2 protein chains.
Amino acid sequence: MNQPLVSIDVVPFRYNRAADALEVILGRRQFEPSIGSLALPGVLLLAQERLGEAVGRALNTKAGLAPRDIATAGEVGVFDTPGRDPRGPTLSITRFAIIDTDTVGATAEAVPIAEVSGLPFDHDVIIAMAARRVYEKLFTDREVAEALLGPEFDTVHAFTAQQQLAAAAEPVGEPLSLANLARTLTNLGWVEATGELGASRGGRRPKVWRFTPSA
Amino acid sequence: MNQPLVSIDVVPFRYNRAADALEVILGRRQFEPSIGSLALPGVLLLAQERLGEAVGRALNTKAGLAPRDIATAGEVGVFDTPGRDPRGPTLSITRFAIIDTDTVGATAEAVPIAEVSGLPFDHDVIIAMAARRVYEKLFTDREVAEALLGPEFDTVHAFTAQQQLAAAAEPVGEPLSLANLARTLTNLGWVEATGELGASRGGRRPKVWRFTPSA
DNA sequence: TCAAAAGTGTTCGACCTACACCCATGC
DNA sequence: GCATGGGTGTAGGTCGAACACTTTTGA
């Protein structure tokens, strides 16, 4: 049976609290085509492998991440754009992953999502769609929120994560105001204010939030 | 490279106005496994083929439908449940399709969605997820609505379509009241009342709606 | 004391739901 | 007429956006 090659491509997001920046972890390609360029971690799917395993293998071999660094993952879509890979017909099954570690592999790089562009294949499009998926889940899916923001986060962390996802998902994102965010978080039901305050960014210090114990 | 087989499975929906019923078009399997059973139309993907083409081929060879019978289609998901196919590791890329014809192939059957169950592989799960996708789009995506309900439809058509999709998507669907549906349709912005009335179902005749000219 | 930045009070409108009641139809 | 069933009026509640204003912070 003559079938297209099937690859799993992963969009690994990470929130860098020190820089208040949402980052995508890219790997430097070791083979042609586009050798030496940064690209999404991806591997060809093996016959006996589950999709989730392939995600782990892609992140491990292409970005130096361990399985336990993957806080959560989810579906993005399937891409079959013709000519997306000059080697021939390929199908890309795409997932997002949310990464919880500070160290990446030697051949990998964490790039602020605002600066990502010009990647090989159709990876720019894939990242935009992945950002949209995560954006939609950020304040609706506790698992995604907890994975991206960590057990404790302040209002500004949440705001910049939301804003940078929106900007990556749509070239023209709405402004999004921080003013109502504390209220929005309160109404979620699964985060609560700790009473502590986060680092000042030049003015009043933002509230710190934690996830409620009951999962 | 040892890769799993990749199949495209299609969930073809059709709204049967005469019976006020949402139907799924199933094909009778010509090969093992599960030879003779009804199942979703599906084919193994070919290397040089786009996903959309494979959808057309599946519907043509397994359900006797022509490409122009496909009013619209969309993404459902990717399934890799182990053991989903006894022949070995397979990956199922799934789409829904909305069909606009009254005639199906000799080896195919249009089954009311409420009566569908016990299909081979994981097709029951796939249909539930497809129903959820279409349900979400029914009153938000003009293309899906127009494909499913046709150029003109009455309030009861819209209501039963919505209700049967909800029931198929979740074992326990909310009641959903017809009372506000005429209002909801008016507020969509892309349908308008024609002024005509549809067939009576034992009481007052429902309004007939059409899609506004401006696409 | 001032500018910057975060939080709060308040209002507004969109929208969804529910429920009561009215209207049209077939028998 | 009367049961059946769709349509409409109206009220209540939720939700998010907006905007002005207050509070906290660093310089």
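Note that the structure is predicted; figures quoted are calculated from it, not measured. The sequence lines fix the lettering, A, B, ..., with proteins before strands; numbering per chain opens at 1.
For the pair I93(B)/L91(A), a side-chain contact is recorded, criterion being any heavy-atom separation below 4.5 Å from C-beta on. When side chains are defined from C-beta on, S7(B) counts as touching L44(B), because their heavy atoms get closer than 4.5 Å.
If you measure from atom CD of Q162(A) to atom P of dG16(D), you get 11 Å, rounded to the nearest angstrom. Distance CG (D154(B)) to C1' (dG5(D)): 13 Å, rounded to an integer number of Å. With rounding to whole Å, K207(B) atom NZ is found 12 Å from dA24(C) atom P. The distance from atom CD of E196(A) to atom P of dT24(D) is 17 Å, rounded to the nearest whole Å. Rounded to whole angstrom, the span from the CG atom of D20(A) across to the P atom of dA5(C) amounts to 12 Å. Distance, F139(A) CZ to dC15(D) C1': 16 Å, rounded to whole Å. Note: CG (L178(B)) to P (dC16(C)) measures 16 Å, nearest angstrom. At whole-Å resolution of the value, CZ in F159(A) and C1' in dG7(C) are 14 Å apart.
In this model, no side-chain donor or acceptor of R201(A) finds a partner on the base of dT24(D) within 3.5 Å. On a pure distance criterion of 3.5 Å, a polar donor-acceptor pair joins the side chain of R204(A) and the base of dT23(D).
The side chain of T155(B) places an N or O atom within less than 4.0 Å of a non-bridging phosphate oxygen (OP1 or OP2) of dG7(D).
Here dA18(C) is the nucleotide among dC19(D), dG7(C), dA18(C) with the atom lying nearest to any side-chain atom of R183(B). Comparing dA6(C), dT25(D), dT8(C) against the side chain of R205(A) picks out dT25(D) as the nearest.
Residue contacts shown for N187(B) are absent, as no nucleic acid heavy atom lies under 4.0 Å away. Using a 4.0 Å heavy-atom cutoff across all strands shown, L181(B) reaches no nucleic acid atom at all.
For the pair G203(B) and A179(A), both in contact range of DNA chain D, the more 5′-proximal nearest nucleotide belongs to G203(B). Residue P206(B) is the one, among N180(A) and P206(B), whose nearest nucleotide of DNA chain D lies closer to the 5' end (criterion: closest heavy atom). Across the interface with DNA chain C, nearest-nucleotide mapping of V156(A) and T184(B) shows V156(A) to be the residue nearer the 5′ end.
A donor-acceptor pair shorter than 3.5 Å cannot be found between the side chains of D20(A) and T160(A).
Between F153(B) and F211(B), a ring centre-to-centre spacing shorter than 6.0 Å is recorded.
Interatomic distance, CZ of R28(A) versus OG of S34(A), reported as 12.0 Å (0.5 Å rounding).
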